[in-house]
*Asks:* 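Provided herewith is a single structure, encoded as structure tokens, for subsequent inquiry.
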Amino acid sequence: MKGEMHMVSVRINAKFKDTLFRMIFGGKKELLDLYNAINHSDYRNPDDLIVTTIGDVLYMGMKNDISFLISQYLNLYEAQSSWNPNMPLRGFFYLSRLYQAFVAEHEMDLFSEQLLKLPAPQFIVFYNGTKKQPDQMELRLSDAFLPSERTPCLECVATVYNINYGHNSDLMEKCHKLYEYAYLINAIRSYLRQNLSLGNAVDQAVKECIGNNILKGFLLKHREEVREMILSEYNEELHIRSEKKISFEEGSAQGQERVNLLIARLAEAGRTEDLIRSATDPEYQEQLFREFGLFPHCD
């Protein structure tokens with residue numbers, strides 16, 4: 001299918017900054033090397049690959065890293081520094097949008113009596129967060145579905161590779177750029193553990209990588225851009241963690257307030273047995289919350 005498949009540019013909302021992963025693997029040669037390493041293939045011509053990334057956009061608040069066509073496959077690659085079990089759902093949204101663009105670009109008739117031929121999807125997630133995970137695992141959209149006796153009509157499988165330094169050595173050996181990327185991230189974290197500020201940790205890690213011929217040409221050419229990019233990514237991650245912590249603390253305080261009010265109401269009513277039972281029976285406690293109108297606050 002070389003030369004046959006092209007994708008239209010899809011603009012949804014506002015521009016976003018490139019991620020370091022996307023910057024390193026945004027070139028066709030680097031992306032083809034990564035594809036060959038994942039699929040044990042041996043494509044040699046970067047022009048066999050057609051990039052289809054949803055560019056410079058935010059789609060439903062989610063960043064699309066890299067997507068591309070090669071042979072009969074539509075590939076979606078995402079890099080994640082935070083563990084996210086909802087990647088299959090995100091992938092489903094992304095792939096739906098990519099297929100819409102593919103159908104529109106090729107002027108396919110959805111009402112045709114002939115079966116439309118589509119490239120087969122592959123969804124790969126590259127995880128380099130600090131939460132311990134195996135070298136490889138699969139996440140399925142169907143795991144998120146509520147229990148049902150009926151067979152779901154949808155499925156989306158995300159194959160997750162742990163690309164932290166020291167993991168997936170075979171994959172790293174086949175794709176040296178991926179090894180170098182893992183080395184850089186590990187170096188930054190190593191300097192952070194030495195209590196360096198984030199800026200100094202990045203500077204020292206970049207200096208070390210250049211000295212060890214790790215991403216040397218890339219870092220010499222894009223040193224300042226890479227520094228700003230890493231600082232931005234880390235600051236965004238810290239902001240998200242901070243927001244989650246605040247939300248958890250607010251929720252915990254609100255939950256404790258409901259419990260205290262319930263205890264007071266039961267004590268006033270002389271319902272000692274209900275008070276004791278509610279302390280060990282969450283379902284009964286919820287029933288009492290409803291009885292006294294003690295519902296969670298919604299902002």
Side-chain angles (χ1 to χ4, degrees), residues 7 9 11 14-38 43-58 63-70 75-81 124-129 161 163-169 171-194 196-238:
M7 299 292 279
S9 176
R11 292 188 172 273
K15 292 184 179 180
F16 67 88
K17 293 181 179 179
D18 257 345
T19 63
L20 180 59
F21 179 88
R22 181 175 171 179
M23 188 174 183
I24 291 174
F25 292 101
K28 284 189 175 184
K29 181 183 182 304
E30 291 76 18
L31 192 53
L32 186 61
D33 288 343
L34 182 58
Y35 176 86
N36 283 333
I38 291 289
Y43 285 93
R44 302 293 180 87
N45 185 2
D47 289 333
D48 288 341
L49 183 151
I50 300 172
V51 176
T52 62
T53 302
I54 301 176
D56 297 331
V57 297
L58 283 177
K63 299 176 184 177
N64 171 229
D65 277 334
I66 301 172
S67 59
F68 60 98
L69 283 160
I70 186 167
N75 301 272
L76 175 61
Y77 286 0
E78 287 289 311
Q80 285 288 307
S81 59
I124 307 295
V125 177
F126 298 95
Y127 171 74
N128 69 344
Y161 288 91
I163 59 168
N164 279 299
Y165 190 76
H167 289 265
N168 277 303
S169 56
L171 181 61
M172 300 289 180
E173 185 176 340
K174 292 176 181 177
C175 183
H176 191 64
K177 266 301 191 278
L178 190 63
Y179 166 81
E180 292 179 311
Y181 174 71
Y183 186 104
L184 172 61
I185 299 302
N186 183 69
I188 294 171
R189 289 174 176 161
S190 177
Y191 284 114
L192 284 173
R193 287 193 291 270
Q194 297 176 34
L196 270 68
S197 68
L198 178 56
N200 287 334
V202 172
D203 291 338
Q204 289 299 316
V206 169
K207 182 179 179 181
E208 177 184 326
C209 285
I210 292 174
N212 291 329
N213 201 27
I214 299 292
L215 293 173
K216 183 175 180 178
F218 175 81
L219 292 174
L220 287 173
K221 184 178 180 179
H222 303 285
R223 189 168 190 159
E224 288 304 315
E225 188 176 356
V226 167
R227 186 179 191 276
E228 291 181 9
M229 194 176 295
I230 295 174
L231 290 176
S232 177
E233 288 182 23
Y234 268 81
N235 287 336
E236 180 180 357
E237 185 176 345
L238 288 172

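Side chains are part of it too, since the values below use all heavy atoms of this structure and drop only hydrogens, waters and symmetry mates.
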*Asks:* Atom CG of N128 and atom CD1 of I163: how far apart are they, to the nearest 0.5 Å?
*Replies:* 5.0 Å
*Asks:* Where do I50 and I70 land on the side-chain contact (heavy atoms from CB on, under 4.5 Å) test, with the steps shown first?
*Replies:* CA-CA 6 Å; I50 300 172; I70 186 167; over 6 Å; no
*Asks:* Nearest heavy-atom pair of L192 and L198: which atoms, and what distance?
*Replies:* CD2-CA, 3.8 Å
*Asks:* Mind checking whether L20 and L184 have side chains closer than 4.5 Å, heavy atoms only?
*Replies:* yes
*Asks:* Would you find a donor on one side and an acceptor on the other, under 3.5 Å apart, between the side chain of S67 and the backbone of L76?
*Replies:*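 Not at all, since once roles are kept as given, no pair shorter than 3.5 Å links the two residues.
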*Asks:* To the nearest 0.5 Å, how far apart are OH in Y183 and CG in L178?
*Replies:*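 The distance works out to 15.5 Å.
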*Asks:* Should R227 and D203 count as an ion pair when the cut-off is N to O under 4.0 Å?
*Replies:*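 Looking at D203 together with R227, the answer is yes, because their closest N to O distance falls below 4.0 Å.
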*Asks:* For N45 and D47, indicate whether the former's side chain and the latter's backbone hold a donor-acceptor pair under 3.5 Å.
*Replies:* yes
*Asks:* Give, for atom NE2 of H176 and atom CG of L215, the distance between the pair rounded to the nearest 0.5 Å.
*Replies:* 8.0 Å
*Asks:* When rounded to the nearest 0.5 angstrom, what is the spacing between OH in Y191 and OG in S197?
*Replies:* 13.0 Å
*Asks:* Minimum heavy-atom separation for G26 to I66, with atom names?
*Replies:*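 Minimum heavy-atom separation between G26 and I66: N-CD1, 4.5 Å.
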*Asks:* Given the rule in the side-chain contact (heavy atoms from CB on, under 4.5 Å) test, do T19 and M229 qualify, once you have shown the distances and angles that lead to the verdict?
*Replies:* CA-CA 7 Å; T19 63; M229 194 176 295; 5.5 Å; no
*Asks:* Side chains of I124 and E78: does their closest heavy-atom pair fall under 4.5 Å?
*Replies:*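 Side-chain contact under 4.5 Å: no.
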*Asks:* How far apart are the closest heavy atoms of E180 and N213, and which atoms are they?
*Replies:* OE2-O, 3.5 Å
*Asks:* Considering non-hydrogen atoms only, spot the tightest contact between R223 and V206 and give its length.
*Replies:*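 Looks like NE-CG1, 3.8 Å.
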*Asks:* Minimum heavy-atom separation for A182 to M172, with atom names?
*Replies:* CB-CE, 3.9 Å
*Asks:* Just grab all the salt bridge (charged side-chain N to carboxylate O under 4.0 Å, His left out) pairs involving residues 204-222, residues at least two apart or on different chains.
*Replies:*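 Sorted result for residues 204-222: empty, none.
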*Asks:* Could you grab the distance from atom SG of C175 to atom CG of N168, nearest 0.5 Å is fine?
*Replies:*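 Atom-to-atom, C175:SG and N168:CG are 11.5 Å apart.
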*Asks:* Are Y77 and F126 an aromatic pair, judged by ring center distance below 6.0 Å?
*Replies:*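 They qualify: ring centres under 6.0 Å apart.
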*Asks:* Side-chain donor-acceptor pair under 3.5 Å between R189 and N164, yes or no?
*Replies:*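 On atom types as modelled, these side chains qualify, holding a pair under 3.5 Å.
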*Asks:* Tell me every residue that passes salt bridge (charged side-chain N to carboxylate O under 4.0 Å, His left out) with R193, counting only those two or more places apart in sequence or in another chain.
*Replies:*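 Not a single residue meets the salt bridge (charged side-chain N to carboxylate O under 4.0 Å, His left out) criterion with R193.
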*Asks:* Name all residues meeting the side chain to side chain contact (heavy atoms under 4.5 Å, CB included) criterion together with H222; count only those two or more places apart in sequence or in a different chain, and write none if there are none.
*Replies:* M23, F218, E225, V226
*Asks:* Taking all non-hydrogen atoms of both residues, which atom of A37 and which atom of K174 are closest, and how far apart?
*Replies:* CB-CB, 3.7 Å
*Asks:* Of the options L49, I24, N36, which is the one that meets L31 in a side-chain contact (heavy atoms from CB on, under 4.5 Å)?
*Replies:*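 By the side-chain contact (heavy atoms from CB on, under 4.5 Å) criterion, L31 pairs with just one of L49, I24, N36: L49.
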*Asks:* Take Y161 and Y127 through the test ring pair (Phe, Tyr, Trp, His ring centres under 6.0 Å) and record every step on the way to the result.
*Replies:* CA-CA 6 Å; Y161 288 91; Y127 171 74; over 10 Å; no
*Asks:* Hey, mind stepping through Y181 and F21 against ring pair (Phe, Tyr, Trp, His ring centres under 6.0 Å) and telling me if it holds?
*Replies:* CA-CA 8 Å; Y181 174 71; F21 179 88; 5.8 Å; yes
*Asks:* What's the spacing between Y35 OH and D48 CG if we round to 0.5 Å?
*Replies:*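 Answer for the OH-CG pair, Y35 versus D48, is 10.5 Å.
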*Asks:* Do K177 and D33 have side chains that get closer than 4.5 Å, going by heavy atoms?
*Replies:*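 No. Closest side-chain heavy atoms not under 4.5 Å.
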